[in-house]
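Written out below as structure tokens is the structure these notes cover.
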Protein chains: 2
Amino acid sequence: MPKRSAKESKPLKTTKKLKTTEEEDNGVDSGIDTKAKSDLCKTTANETNEECSRVSSIGSKFNKKIMSWNVAGLRALLKKNRLKDFETEDADIVCLQEVKCQQKDIPEEINVWAKYKYKYYNLGEKPGYSGVCLFSKEKPLQVKNGIGLKEHDSEGRVITAEFPDFYLVTTYVPNSGRGLVRLDYRQKWNNDFDEYLIALKAKKGVILCGDLNVSHKEIDLENPKTNTKTAGFTAEEREDFTRFLSKGFVDSFRHFYPNDKKCYTYWSYFRNARDRDIGWRLDYFVVSEQLMANICDNQIRKQIKGSDHCPILLYLSI
Amino acid sequence: MPKRSAKESKPLKTTKKLKTTEEEDNGVDSGIDTKAKSDLCKTTANETNEECSRVSSIGSKFNKKIMSWNVAGLRALLKKNRLKDFETEDADIVCLQEVKCQQKDIPEEINVWAKYKYKYYNLGEKPGYSGVCLFSKEKPLQVKNGIGLKEHDSEGRVITAEFPDFYLVTTYVPNSGRGLVRLDYRQKWNNDFDEYLIALKAKKGVILCGDLNVSHKEIDLENPKTNTKTAGFTAEEREDFTRFLSKGFVDSFRHFYPNDKKCYTYWSYFRNARDRDIGWRLDYFVVSEQLMANICDNQIRKQIKGSDHCPILLYLSI
DNA sequence: CCTGTCATG
DNA sequence: CATGTCAGG
């Protein structure tokens with residue numbers, strides 16, 4: 001399997017001042033020409049009622065499906081009648097980020113949801129902020145919230161579920177904020193979280209999924225030139241991610257689709273960014289190298305609405 | 001003209017504990033039997049496209065119309081396309097309470113509204129809280145915000161406009177709050193505001209309009225028995241109002257309709273109170289005695305939606 | 001823009 | 001229940 005390259009195009013120096021709101025970014029038309037259709041995101045299988053037809057590198061068809069979705073408020077999602085999208089996908093494991101509620105606020109439809117017998121939550125302390133959960137048909141061997149560091153474990157950002165053949169870690173990585181007010185903390189998080197994942201990988205294959213709040217390369221967002229000082233595309237965040245991958249992890253989407261453009265998973269609510277497809281790829285399935293042989297595909301469900309992020313899917317043969 | 005009686009039925013002592021939310025009150029069915037139709041509120045003239053046909057006590061037809069409406073958020077009202085109601089009524093003067101915005105937030109439709117050339121605002125300091133305004137076709141001789149006491153003049157509650165034949169005072173009286181947390185302040189307000197109005201009346205006839213945040217008698221709300229400890233129907237607020245009227249002011253609505261029931265101007269948003277007509281009369285035109293000979297009618301526009309209060313109208317011959 | 005929170009009524 | 005506010009993204 002191909003090794004990930006740590007080489008990347010450095011962001012251009014720009015004299016533009018630091019942006020304080022997203023409004024300035026997402027409305028700007030990209031200067032990039034529309035490329036050949038064959039290079040565009042082709043991973044929206046369910047739009048055509050097609051399921052994953054790829055096989056893993058060892059030739060086997062998928063037998064397990066994991067879904068990850070930053071829902072930007074679980075209650076709002078359900079009010080918009082979006083539970084049906086989960087039913088359609090019928091993933092074996094569902095990981096949600098930014099559920100933005102406390103245990104008592106989890107909608108009853110979720111509590112009584114029979115498809116996923118095993119439900120786990122890490123909802124954090126601050127009401128209406130962050131929060132992740134993991135739903136599984138199969139019972140995990142073990143489930144743990146956080147990464148074992150008090151400094152990072154109060155905001156409901158990580159759940160680790162151990163399965164027979166892999167660890168599944170779902171996360172909502174701290175946003176560096178407007179004016180990058182939280183970039184320092186984000187880099188501390190990056191260091192500590194990397195260590196946690198590397199230690200895990202020493203024991204068993206690791207699948208990391210969720211909103212990593214970084215677009216890795218210029219190809220991963222619509223307006224790379226104007227966003228080098230915007231949270232999610234700073235040199236610091238990108239380099240941290242490159243360094244992490246170099247420790248033995250694979251951005252599974254780029255592994256399968258190295259040159260596909262406009263494969264976004266997030267669009268700002270501002271200025272109709274989604275309709276115009278002015279987006280970012282912020283959501284990932286990152287897989288430890290030892291497990292890549294078992295991965296069949298990674299798909300992006302651009303057509304599923306209800307949040308400013310769309311769901312992503314991992315197909316495994318395991 | 002008839003003198004207002006200061007006699008009133010004292011609220012019954014009850015062992016019920018203090019209510020902390022309105023929810024407990026407005027859903028409870030009233031024990032009062034439905035009375036003969038002739039006793040019900042008949043002042044919704046515009047429902048049948050009827051204008052005021054009454055004449056003043058000196059026999060003249062109206063030639064001036066004043067509207068008062070607690071709009072519970074001016075921006076929200078306009079979003080609901082309610083500007084047309086003002087056009088239909090075509091009052092000479094419009095007084096609004098609880099506009100809940102600052103000058104910069106006043107919708108442009110209001111700023112460019114040609115019907116009312118003269119527009120005055122007292123919007124207070126706290127964003128999104130309280131705030132009153134007064135629109136007039138005719139230019140007032142003089143306009144003043146507040147009552148001249150620092151303690152009471154920071155919340156945007158009073159505008160006084162002097163016209164040739166009367167002072168028009170519009171107000172949003174402080175709510176005593178859940179658990180009556182602000183009843184003490186309310187009583188201080190009542191005292192100081194009364195003094196202000198009495199001094200004004202010594203100079204010229206006075207019309208006071210707006211949300212007085214009190215239902216005077218049992219007839220003025222649906223559930224008098226269960227609301228004696230609720231803001232707006234405490235013995236304190238009712239007695240203060242009785243005392244004020246005894247100083248030479250007339251509740252003009254009750255003057256014309258002494259026995260009409262269900263003449264409400266406010267319905268809680270809770271529990272469909274408005275559909276079930278579980279309401280309160282909180283909005284008034286109070287007129288100084290010397291001016292009552294010029295008053296033709298006072299009508300309540302129960303059918304006009306868009307706020308938890310409805311508009312009220314005063315017809316004058318002056 | 002859109003989610004949550006909170007205060008106020 | 002429905003206005004506003006504010007933080008967060």
Side-chain angles (χ1 to χ4, degrees), chain A residues 19-23 25-27 70-80 97-102 105 123-131 155 172-182 186 211 213 230-232 266-275 278 280 282 305-309, chain B residues 19-23 25-27 70-80 97-102 105 123-131 155 172-182 211 213 230-232 266-275 280 282 305-309:
Chain A
K19 282 179 232 69
T20 51
T21 79
E22 284 188 87
E23 289 187 73
D25 299 305
N26 295 286
N70 178 322
V71 293
L74 184 55
R75 284 169 290 181
L77 192 82
L78 291 216
K79 271 185 213 147
K80 289 178 268 192
Q97 302 88 38
E98 278 206 274
V99 298
K100 291 188 170 191
C101 63
Q102 289 162 303
D105 308 316
L123 300 177
E125 291 164 4
K126 195 163 159 185
Y129 179 72
S130 185
E155 295 188 327
Y172 170 53
V173 168
N175 190 300
S176 297
R178 297 262 172 94
L180 304 177
V181 286
R182 232 186 162 194
R186 165 64 176 274
D211 177 358
N213 257 321
T230 311
Y266 163 84
W267 304 261
S268 166
Y269 281 124
F270 284 87
R271 295 179 185 241
N272 271 313
R274 188 155 186 174
D275 286 344
I278 313 288
W280 303 54
L282 298 178
K305 304 287 171 60
S307 163
D308 48 358
H309 294 248
Chain B
K19 282 178 232 69
T20 51
T21 80
E22 286 187 86
E23 291 188 70
D25 302 305
N26 296 287
N70 177 320
V71 293
L74 184 55
R75 282 169 291 181
L77 193 82
L78 291 217
K79 271 186 214 149
K80 288 178 270 194
Q97 303 88 38
E98 279 206 271
V99 297
K100 290 187 171 191
C101 63
Q102 289 162 302
D105 308 317
L123 300 176
E125 292 164 4
K126 195 164 158 183
Y129 179 71
S130 185
E155 294 187 329
Y172 170 52
V173 168
N175 190 300
S176 297
R178 298 264 172 94
L180 304 177
V181 285
R182 234 187 160 193
D211 177 357
N213 256 322
T230 310
Y266 162 84
W267 304 261
S268 166
Y269 280 124
F270 284 87
R271 297 181 185 240
N272 269 314
R274 188 154 186 174
D275 286 342
W280 302 55
L282 297 179
K305 304 288 172 59
S307 163
D308 49 357
H309 294 247

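Note that the coordinates shown come from a computational prediction; the quantities given were computed from them, not determined experimentally. Below, chains carry the letters A, B, ... as their sequence lines are ordered, and counting in each starts from 1.
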What nucleotide, of [options], holds the atom closest to the side chain of [X]?
| X | options | answer |
| --- | --- | --- |
| A:K100 | D:dG4, D:dG8, D:dG9 | D:dG8 |
| B:Y129 | D:dT5, C:dT3, C:dG9 | C:dG9 |
| B:D105 | C:dG4, C:dT8, D:dT5 | D:dT5 |
| A:A76 | D:dT3, C:dT3, C:dC1 | C:dT3 |
| A:P127 | C:dT5, C:dT3, C:dG9 | C:dT5 |

- request: Would you sort out whether A:I278 and A:R271 count as a side chain to side chain contact (heavy atoms under 4.5 Å, CB included), showing the intermediate values?
  value: CA-CA 10 Å; A:I278 313 288; A:R271 295 179 185 241; over 6 Å; no
- prompt: So does A:R178 reach the base of D:dG8 with its side chain, donor to acceptor, closer than 3.5 Å?
  reply: no
task: Report the residues that fulfil side-chain hydrogen bond (donor to acceptor under 3.5 Å, both in side chains) with A:E155, sequence neighbours left out, ordered by chain and then residue number.
output: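 Testing A:E155 for side-chain hydrogen bond (donor to acceptor under 3.5 Å, both in side chains), a comparison that skips the adjacent residues, returns A:R157, A:R182.
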Would you kindly give the [atom1]-to-[atom2] distance between [X] and [N], to the nearest whole Å?
| X | N | atom1 | atom2 | answer |
| --- | --- | --- | --- | --- |
| A:L77 | C:dC2 | CG | P | 14 Å |
| B:E125 | C:dT8 | CD | C1' | 17 Å |
| A:Y172 | D:dG9 | OH | C1' | 6 Å |
| B:H309 | D:dC1 | NE2 | C1' | 14 Å |
| A:E155 | D:dA7 | CD | C1' | 13 Å |
| A:D308 | C:dC2 | CG | P | 10 Å |
| A:R271 | D:dG9 | CZ | C1' | 16 Å |
| A:E98 | C:dT5 | CD | P | 13 Å |

Contact under 4.0 Å: [X] side-chain N or O vs [N] OP1/OP2:
| X | N | value |
| --- | --- | --- |
| B:K126 | D:dC6 | no |
| B:K79 | D:dG4 | no |
| B:R75 | D:dT5 | yes |
| A:Y266 | D:dG9 | no |

Most 5' of A:L74 and A:Y269 on DNA chain C, judged by nearest nucleotide: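 The residue mapped nearer the 5' terminus is A:Y269.
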- request: Could you check whether the rings of A:Y266 and A:H309 sit parallel, tilted or perpendicular, using 30° and 60° as the cut-offs?
  value: tilted
field: Trace of the side chain to side chain contact (heavy atoms under 4.5 Å, CB included) decision for A:V173 with A:R186
entry: CA-CA 8 Å; A:V173 168; A:R186 165 64 176 274; 3.4 Å; yes
- request: For side chain to side chain contact (heavy atoms under 4.5 Å, CB included), just list the numbers for B:Y172 and B:N213, CA-CA rounded to whole Å, side-chain angles, deciding distance to a tenth of an Å, and then say yes or no.
  value: CA-CA 8 Å; B:Y172 170 52; B:N213 256 322; 3.7 Å; yes
